[in-house]
Amino acid sequence: MKVAIAHNNNEETLKVVAKLKELLEEKNIIYDAKYPDIVITVGGDGTLINAFHRYVNQIDSIRFIGIHTGHLGFYTDWRSYDIDRMIDALLLRKPESAAYPLLDVSLITEAGEKKHYLALNESAIKRISHTLEADVYIDDQLFENFRGDGLCVSTPTGSTAYSKSLGGAVIHPKLKALQMTEIASINNRVFRTLSAPIVIAPDQWITVIPNADHFVLTVDGERKNVRNAKKLVFKISKHSIQFDRFGHHHFWSRVKTAFISDKQNDDF
């Protein structure tokens, strides 16, 4: 078993990382930041998302464990004071993981160049100072002519993030589905969109053909300035992210704690 640690630089986090490294050494667990079997993140959801993109080329062979040292996150199962118990569980239990869907984003330029991205949470298309105009297809059928600030396509795990702030539904991460939400769409007698989030089936895909020579594409919040794009295709990736479960990842309890009640249940 080879383990890597990804972390932020907060004072509390650095204390936990130091303790974690001591425990790994005591248990003779190999520390390998280059080719790990398990990546332990210490911080919050942002730390784990950064680690996901750091190891995205090895995503099929890595499992993730999250330790939160701040506000409760959706990807961070363990509290900072639980790391002894976490290491014991890691050594004693047979590997048990939960696989969650990822978003596959393909960008095709007018010149035929193809760029490919994987997102853990979401990808969004926006124009900053102008209205975004785009044709939206589901599979190969035209669904709507969109006009507005932009569009966001999210994974089930990403449904609690940016998509939710746009009015999207919260989707359990065991469902292999993608959700598209509109960002400030224009709806009047001339322009008309669905004006509601849509959730597509596992074997479907969304194609967006922008009527603009430049726009902004974000992938898990990372901004990419795009020019001369012919189309973008969003679908569920053949890859997935694996989390070590330890039998205690309770999604709906996490949703309740994050958005309804500030009381943290002991079964997290």
Side-chain angles (χ1 to χ4, degrees), residues 46 49-50 52-54 56-57 59 101-159 161-169 177-239:
I49 290 171
N50 288 337
F52 161 75
H53 284 283
R54 187 186 311 171
V56 70
N57 292 330
I59 197 65
L102 298 171
L103 172 62
D104 182 293
V105 184
S106 295
L107 167 65
I108 297 92
T109 69
E110 292 288 355
E113 181 185 4
K114 186 173 182 179
K115 297 181 180 180
H116 181 77
Y117 309 99
L118 279 181
L120 178 55
N121 270 0
E122 77 281 308
S123 178
I125 311 168
K126 304 176 184 179
R127 293 199 77 192
I128 304 304
S129 59
H130 298 83
T131 298
L132 175 71
E133 298 182 19
D135 293 333
V136 179
Y137 291 76
I138 298 178
D139 297 344
D140 292 323
Q141 294 187 336
L142 180 64
F143 178 71
E144 67 180 13
N145 302 111
F146 176 83
R147 285 171 175 82
D149 283 358
L151 294 162
C152 172
V153 181
S154 68
T155 64
T157 48
S159 70
Y162 185 34
S163 178
K164 182 180 180 299
S165 72
L166 297 171
L178 293 183
Q179 179 172 202
M180 184 179 75
T181 50
E182 300 176 358
I183 308 172
S185 59
I186 298 173
N187 282 280
N188 52 34
R189 288 184 299 173
V190 179
F191 305 127
R192 179 63 54 188
T193 66
L194 183 64
S195 293
I198 63 170
V199 179
I200 69 166
D203 59 346
Q204 296 184 304
W205 63 94
I206 296 170
T207 301
V208 177
I209 300 178
N211 184 18
D213 61 356
H214 67 277
F215 57 87
V216 171
L217 174 70
T218 64
V219 179
D220 285 337
E222 182 180 348
R223 173 173 171 159
K224 304 175 188 301
N225 294 311
V226 177
R227 290 189 176 275
N228 301 317
K230 182 179 181 180
K231 64 180 179 180
L232 296 103
V233 180
F234 302 90
K235 61 183 179 181
I236 295 173
S237 173
K238 63 181 180 180
H239 305 285

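Positions are given from 1, in the same order as the sequence printed here.
Taking Asn225 as the reference, Val216, Arg223 meet the side-chain contact (heavy atoms from CB on, under 4.5 Å) condition, with sequence neighbours excluded. Under the side-chain contact (heavy atoms from CB on, under 4.5 Å) criterion, Asn188 pairs with Ile186, Val190, Phe191, not counting sequence neighbours. His116 pairs by the side-chain hydrogen bond (donor to acceptor under 3.5 Å, both in side chains) definition with Asp104, not counting sequence neighbours. Every residue was checked against the side-chain hydrogen bond (donor to acceptor under 3.5 Å, both in side chains) condition with Arg54, not counting sequence neighbours, and none meets it. Under the side-chain contact (heavy atoms from CB on, under 4.5 Å) criterion, Lys238 pairs with no residue at all, not counting sequence neighbours. Listed by chain and number, the residues in a side-chain hydrogen bond (donor to acceptor under 3.5 Å, both in side chains) with Asp220 are His53 (sequence neighbours excluded). With sequence neighbours left out, Ala169 forms a side-chain contact (heavy atoms from CB on, under 4.5 Å) with Gln179. For Glu222, the salt bridge (charged side-chain N to carboxylate O under 4.0 Å, His left out) partners at least two apart in sequence or on another chain are Lys224. Qualifying side-chain hydrogen bond (donor to acceptor under 3.5 Å, both in side chains) partners for Thr157, counting only residues two or more places apart in sequence or in other chains: Tyr75, Thr155.
The side-chain heavy atoms of Ile206 and Phe143, taken from C-beta on, include no pair separated by under 4.5 Å. Proximity of Ile209 to Tyr137: side-chain heavy atoms (C-beta onward) are separated by under 4.5 Å at one or more points. Side-chain contact between Ile125 and Phe146 is absent, with no heavy-atom pair separated by less than 4.5 Å.
The nearest pair of heavy atoms linking Ala177 to Pro156 is O-CD, 3.1 Å. Listed here is the closest heavy atom pair of Thr181 and Pro197: CG2-CB, 3.7 Å.
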Q: List the steps, then state whether side chain to side chain contact (heavy atoms under 4.5 Å, CB included) holds for Tyr162 with Ile183.
A: CA-CA 10 Å; Tyr162 185 34; Ile183 308 172; 3.5 Å; yes

Q) Does the pair Ile198 and Ile138 meet the rule for a side chain to side chain contact (heavy atoms under 4.5 Å, CB included), with working shown? A) CA-CA 10 Å; Ile198 63 170; Ile138 298 178; 3.7 Å; yes

Q | Residue pair Leu120, Leu102: steps toward the side chain to side chain contact (heavy atoms under 4.5 Å, CB included) verdict | A | CA-CA 5 Å; Leu120 178 55; Leu102 298 171; 3.7 Å; yes

Q) Under the side chain to side chain contact (heavy atoms under 4.5 Å, CB included) criterion, do Phe234 and Val208 qualify, and how do the steps go? A) CA-CA 8 Å; Phe234 302 90; Val208 177; 3.9 Å; yes

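Residue Ser154 holds its OG atom at 7.5 Å from CG of Leu178, rounded to the nearest 0.5 Å. Note that the NZ atom of Lys231 and the CG atom of Leu107 stand 11.0 Å from one another [nearest 0.5 Å]. Considering SG of Cys152 and CE of Met180, their distance stands at 10.0 Å, rounded to 0.5 Å. A distance of 11.0 Å separates CG in Leu118 from OG in Ser123, rounded to the nearest 0.5 Å. Annotation: the span from Ser195 atom OG to Asn187 atom CG amounts to 3.0 Å, rounded to 0.5 Å. The NZ atom of Lys230 sits 11.5 Å away from the OG1 atom of Thr207 when rounded to the nearest 0.5 Å.
For residues 117-126, there are no salt bridge (Lys or Arg N to Asp or Glu O under 4.0 Å) pairs, not counting sequence neighbours. Pairs of residues two or more places apart, or lying in two chains, that qualify as salt bridge (Lys or Arg N to Asp or Glu O under 4.0 Å) and include a residue from residues 134-151 are Glu133-Arg147. Within the structure, salt bridge (Lys or Arg N to Asp or Glu O under 4.0 Å) contacts touching residues 181-201 (residues at least two apart or in different chains) do not occur.
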